[in-house]
Structure formats: structure tokens, C-alpha cells
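Just so you know, these numbers use all the heavy atoms, side chains as well, and skip hydrogens, waters and symmetry mates.
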Amino acid sequence: MSKSKLKKELAGMTQGQVSDLMVQLYEASKEAKAWLDFYLNPDIDALSEKYRKQIYLKCYGRSGKVRRPKMRDCNQLIKTFGLIVQDPTPVSELMLYFMEEVTRVASVKGRYSESYIRTLTGQFRKTMEYLESASLLEYYMPRVRKIIGIAEGVSRYLANEYEEVLDYLIG
């Protein structure tokens, strides 16, 4: 359904029908519930902390033991957070936190396969492109350098890959 058709349908409903629809939407979709909760109580810091904890759990589990996180799950968390907040600064913060943690996990776990290194590099590229598109790359450059420093703990190869991504965007 197009947005214009949705608006037309909503305009034809009574206020009670729209209220019922909102309650049904709230109950039916986790993302809609999160968005409506944030809309009614817009506390970015609390929401950001909630998503940071979820990413932390993906990287360390409940026991705090380091484990290889599922990138898809973490990317979905970041995507959902971005849909709710729609401000590039807190989204950038969360993306950088994610990069710090997955790179730190790789450094603690030791060497990983070349495919995992490519995955980390792809995540780094995605994060840097987002920062660049939001005109925040220069602002977050000290934090980006910190991530590259953590990557050196994994391998010089990974740090070089991160540097190449950065050079491509800056150069």
C-alpha cells in the first residue's frame, strides 16, 4: 500500500478506529512497539543504552565470555535503532560501539579466517560510509583511529584493511 493510500484510508476512519488500529499495530509488531514507545517517551540515552547492551550480549553473552557475534543480528539492531531515532549522531555512536566491540572480540579471540576479516572490513566500510554521508567522519576520527588500533591487536592485515577503507573515503 502506498503512503498516499494509507493517508486516505486513515482520513476516512473515526478517531476510535485509528486508536484501535494503533493498539493492534503496537501488539503486532516489535518494531512498531519500540517506535511508539520512543515516540511517547523520547529518551535517546536510555534507548541507546538498551541497544548497546544488546550488542554487548551478542559479543560476550550473559556470562561475559567472548564469542563471535552474528553480524546479521547486530546489523538488525542498528537498523531498528536508526528507524526509531532517525538522528545520525546517536546512530553513529551505536555503529562505532559495534565496530569497537567486534574488533575487540577478534583481538581477544585471536586469529580469524580471511572471510571473517573480510566481514569485519565490510562492517567497517559500512560504518565509515554512514559517517561520511552524515558528515560526521571528521568528528569521530579519534574514535575511528582507536578502532584501527584495536584492529592491530588482531592482525596487521586487518588494520591495513581498515586503513585502506579510510584512505578511500578521505582521499
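- Of the inter-residue distances, the one linking Arg143 atom CZ with Thr127 atom OG1 reads 10.5 Å to the nearest 0.5 angstrom.
- Put simply, the side chain of Gln86 gets close to the backbone of Leu83: a donor and an acceptor are under 3.5 Å apart.
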- request: Just do the side-chain contact (heavy atoms from CB on, under 4.5 Å) check on Val105 and Arg67 with the steps written out, would you?
  value: CA-CA 7 Å; Val105 163; Arg67 64 183 184 183; over 6 Å; no
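- A salt bridge links Arg104 to Glu101: one of the charged nitrogens lies within less than 4.0 Å of a carboxylate oxygen.
- Atoms SG and OH, from Cys74 and Tyr97 in turn, are 10.0 Å apart once rounded to the nearest 0.5 Å.
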Could you pull out every donor-acceptor pair under 3.5 Å between side chains of residues 162-171 and any protein atom, sequence neighbours left out?
| unit_1 | atom_1 | unit_2 | atom_2 | d |
| --- | --- | --- | --- | --- |
| Tyr162 | OH | Thr103 | OG1 | 3.0 |
| Glu163 | OE1 | Arg145 | NH1 | 3.1 |
| Glu163 | OE2 | Arg145 | NH1 | 3.1 |

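- In this structure, CZ in Arg125 is found 11.5 Å from CZ in Arg118, a value given to the nearest 0.5 Å.
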Please list every donor-acceptor pair under 3.5 Å in which a side-chain atom of residues 2-13 meets a protein atom from a residue at least two apart or in another chain.
| unit_1 | atom_1 | unit_2 | atom_2 | d |
| --- | --- | --- | --- | --- |
| Ser2 | OG | Ser4 | OG | 3.2 |
| Ser2 | OG | Lys5 | N | 3.2 |

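- Contacts of Gln54 classified as side chain to side chain contact (heavy atoms under 4.5 Å, CB included), with partners at least two apart in sequence or in another chain: Lys50, Tyr51, Leu77.
- For Asp87, the side chain to side chain contact (heavy atoms under 4.5 Å, CB included) partners at least two apart in sequence or on another chain are Val85, Thr89, Pro90.
- Leu57 places a side-chain heavy atom less than 4.5 Å from the side chain of Arg62.
- One hydrophobic cluster, built from ILVMFWY side chains closer than 4.5 Å, holds both Leu96 and Val91.
- When all heavy atoms are compared, the tightest approach of Leu47 to Phe38 is CD2-CD1, 3.7 Å.
- Between Ser48 and Leu94 the shortest heavy-atom distance is O-CD1, 4.5 Å.
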field: From CA spacing to verdict: salt bridge (Lys or Arg N to Asp or Glu O under 4.0 Å), Glu31, Lys79
entry: CA-CA 10 Å; Glu31 288 84 8; Lys79 181 181 177 185; over 6 Å; no
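- Nearest approach of Lys126 to Met95, heavy atoms of both residues: O-CE, 4.1 Å.
- Contact check for Met71 versus Phe98: side-chain heavy atoms found under the 4.5 Å cut-off.
- In this structure, a donor-acceptor pair under 3.5 Å is present between the side chains of Thr80 and Gln76.
- Inter-residue side-chain proximity for Phe124 and Met99 is flagged as met; some heavy-atom pair is nearer than 4.5 Å.
- Remark: Met22 engages Val18, Leu36 in a side chain to side chain contact (heavy atoms under 4.5 Å, CB included) (not counting sequence neighbours).
- With hydrophobic clusters built from ILVMFWY side chains whose heavy atoms lie under 4.5 angstrom apart, Leu21 shares a cluster with Met1.
- Annotation for Arg72: atom CZ does not count as buried by contact number, only 12 or fewer foreign heavy atoms lying within 6.0 Å.
- The CD1 atom of Ile55 sits 11.0 Å away from atom CD of Glu100, with the distance rounded to the nearest 0.5 Å.
- Side-chain atoms of Thr119 come within 3.5 Å of backbone N or O of Ser115 as a donor-acceptor pair.
- To the nearest 0.5 angstrom, Cys59 atom SG is 13.0 Å from Lys70 atom NZ.
- Every pair passing side chain to side chain donor-acceptor pair (under 3.5 Å) that includes a residue from residues 32-44 is listed here, sequence neighbours excluded: Tyr26-Asp37.
- Considering all non-hydrogen atoms of both residues, Tyr130 and Pro88 come closest at OH-CA, 3.3 Å.
- Under a hydrophobic-cluster definition in which Ile, Leu, Val, Met, Phe, Trp and Tyr are linked whenever side-chain heavy atoms come within less than 4.5 Å, directly or via other members, Tyr139 and Met141 are assigned to the same cluster.
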